[in-house]
Amino acid sequence: MKEQQNTFFLNEMIETFLHNFIYYIPSEIILDGVLEQIENEIEDDFFDELSIFDNYNGIGIFNNEDAIEINTRLLEKRSLLEQNIFKLLEKSTELSSSEFQFIINKYFDQLILYLFLTKWLTDNLKKYNKEVLHIALIGAFKLQHENFNAHLRDLYTNFENLLDLEKEHDFSIVNFVMIHVPTIVATYSKILDKISDKNTTEQIEEHHKKELENNKQLKKKISKKKKIRPQINDSEIEKLILERVFKVKIDS
C-alpha cells in the first residue's frame, strides 16, 4: 500500500513537468517502430504543430497571436516547480532514507530528461518551424528551458547529497525516440484519462482551489522546518551540473 502511495506521489510530481508545457514533435525524426507503439494514443495533429499541454484541459495548438498567454503560463509554471521542492521536503520527513532516495532518483532522471528536451526544442525551433515566429514565442521556449534549469538548481541546493551527478544519461536521437518519447506519451495519456473522468468544470475549479490552499499550507509548514544553508552561487551550480551530468567542460 505504501509503495503504491509513493508511486502515486512520484507520478503526480512528474506530471507537473507536463503542465503548461510547450512543444513540437517533428514527424521526420520519429521512427516507424515508435509510431506503431503510440499511434493509438495520439491525435492527428500530434506532430509538426506548436502545441501546449494543459493537465486540466488537454492539448491546444498555438501561434504568434497567443504569445502573451503562452509566456504568462510559463511564468506561472516556475511557482509550480517550486511547490514540488516543498512537497519533496515534506515527503523526506515521512519516508525512510531508502524510500526517499528512490523517489529522488526517479525524479532527478525525469528532470534531466525535460531539461534536455527543453534545450533541444529551443535550439531546433527555427529548423523545424519554417513560418516566421514572433520573438516572444522564441523567448517562451527559452523561458521554459530556464524554468527547468532553475528547478534543477533548487533541487541541487536542497538535495545535493542525494543526487547522482555522475550518472550517464543517453539522449542520443535513437534512444530518445525509442525510449523517452513513448514514456512521455504514456504520461500525458494518463493525464488525458484523468481529464475525461472530470464530470464538470466546477469540479476542476474546486480542485484548483484545494491545490492552491494545500500548497500555501505546505509552504508555511516547510518554511518553519527549513534549515539555513550556505549561499551557493547559481553559476557554480550550473557549471557543476554541465560538467558532471552533460560532460561539458567549462573553463574557469
Side-chain angles (χ1 to χ4, degrees), residues 12-26 29 42-43 45-87 107 110-157 171 180-181 184-185 187-188 191-192 194-195 201 204-205 207-209 211-213 215-216 219 234-235 237-238 241-242 246:
E12 279 204 326
M13 297 283 284
I14 293 174
E15 285 175 6
T16 303
F17 294 167
L18 267 177
H19 185 50
N20 286 336
F21 185 83
I22 58 174
Y23 66 94
Y24 56 90
I25 301 181
I29 72 170
I42 60 176
E43 293 77 17
D45 55 3
F46 184 78
F47 297 111
D48 304 312
E49 296 284 358
L50 290 177
S51 306
I52 182 168
F53 190 85
D54 183 315
N55 283 10
Y56 304 102
N57 299 298
I59 300 173
I61 307 264
F62 66 88
N63 54 36
N64 288 331
E65 296 179 357
D66 305 305
I68 294 178
E69 180 183 350
I70 294 297
N71 277 275
T72 299
R73 290 193 180 205
L74 291 175
L75 288 171
E76 295 171 351
K77 176 71 171 279
R78 181 165 295 191
S79 67
L80 295 178
L81 295 174
E82 289 173 348
Q83 288 165 19
N84 272 11
I85 296 295
F86 291 115
K87 291 177 182 178
Y107 189 82
Q110 286 296 305
L111 178 54
I112 294 299
L113 169 61
Y114 277 83
L115 191 66
F116 166 81
L117 179 56
T118 54
K119 182 67 164 62
W120 188 93
L121 289 170
T122 301
D123 291 345
N124 292 278
L125 183 59
K126 293 182 179 179
K127 177 180 179 180
Y128 291 110
N129 295 275
K130 304 304 181 182
E131 68 275 12
V132 177
L133 296 178
H134 194 288
I135 189 173
L137 281 188
I138 297 174
F141 278 91
K142 293 179 180 179
L143 174 60
Q144 176 169 254
H145 175 65
E146 176 51 33
N147 281 347
F148 282 99
N149 202 18
H151 188 50
L152 182 57
R153 293 197 299 267
D154 287 343
L155 193 71
Y156 178 86
T157 300
F171 293 131
H180 298 302
V181 168
I184 293 173
V185 170
T187 300
Y188 99 66
I191 297 174
L192 288 176
K194 290 181 181 180
I195 294 173
T201 303
I204 297 176
E205 292 175 348
H207 173 80
H208 280 296
K209 291 178 182 178
E211 279 292 299
L212 182 61
E213 185 60 31
N215 288 330
K216 286 181 180 178
K219 188 169 184 177
D234 282 350
S235 62
I237 295 176
E238 290 179 9
I241 292 169
L242 285 171
F246 294 106

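Ring centroids of Phe17 and Tyr107 are separated by less than 6.0 Å, placing the two rings close together.
Counted within 6.0 Å of CG on Leu75, heavy atoms from surrounding residues, nucleotides or ligands total more than 12; the atom is thus considered enclosed. For Glu65, the CD atom is loosely surrounded, since the number of other residues' heavy atoms within 6.0 Å does not exceed 12.
Side chain of Asn71 to backbone of Leu143: no donor-acceptor contact under 3.5 angstrom is found. Side-chain N or O atoms of Asn55 include one that pairs as donor or acceptor with a backbone N or O of Glu15 at under 3.5 Å. Side-chain N or O atoms of Asn147 include one that pairs as donor or acceptor with a backbone N or O of Leu74 at under 3.5 Å. Between the side chain of Lys77 and the main chain of His19, a donor-acceptor pair closer than 3.5 Å is present. Here the side chain of Asp54 pairs a donor or acceptor atom with the backbone of Tyr56 at under 3.5 angstrom.
Exactly one residue among Tyr23, Tyr128, Phe148 makes a ring pair (Phe, Tyr, Trp, His ring centres under 6.0 Å) with Trp120. That residue is Tyr128.
Of all heavy-atom pairs spanning His151 and Asn84, the tightest one is CE1-CB, 4.1 Å. Of all the heavy atoms in Ile22 and Ile70, the pair that sits closest is CG2-CG2, 3.8 Å.
For residues 133-144, no residue pair satisfies the salt bridge (Lys or Arg N to Asp or Glu O under 4.0 Å) rule, not counting sequence neighbours.
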| said: Is there a salt bridge (Lys or Arg N to Asp or Glu O under 4.0 Å) between Glu69 and Arg73? Walk through the geometry before answering. | reply: CA-CA 6 Å; Glu69 180 183 350; Arg73 290 193 180 205; 3.2 Å; yes

| Would Gln110 and Leu113 count as a side chain to side chain contact (heavy atoms under 4.5 Å, CB included) if you check the C-alpha gap in whole Å, the side-chain angles of each, and the deciding distance to 0.1 Å? | CA-CA 5 Å; Gln110 286 296 305; Leu113 169 61; 3.9 Å; yes

| said: I'd like to know whether Lys126 forms a side chain to side chain contact (heavy atoms under 4.5 Å, CB included) with Ile138, so could you lay out the CA-CA distance, the side-chain angles of the two residues, the decisive distance to 0.1 Å, and finally the verdict. | reply: CA-CA 9 Å; Lys126 293 182 179 179; Ile138 297 174; 3.8 Å; yes

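The aromatic rings of Tyr24 and Phe141 stand perpendicular to each other, their planes meeting at an angle above 60°, with 30° marking the opposite boundary.
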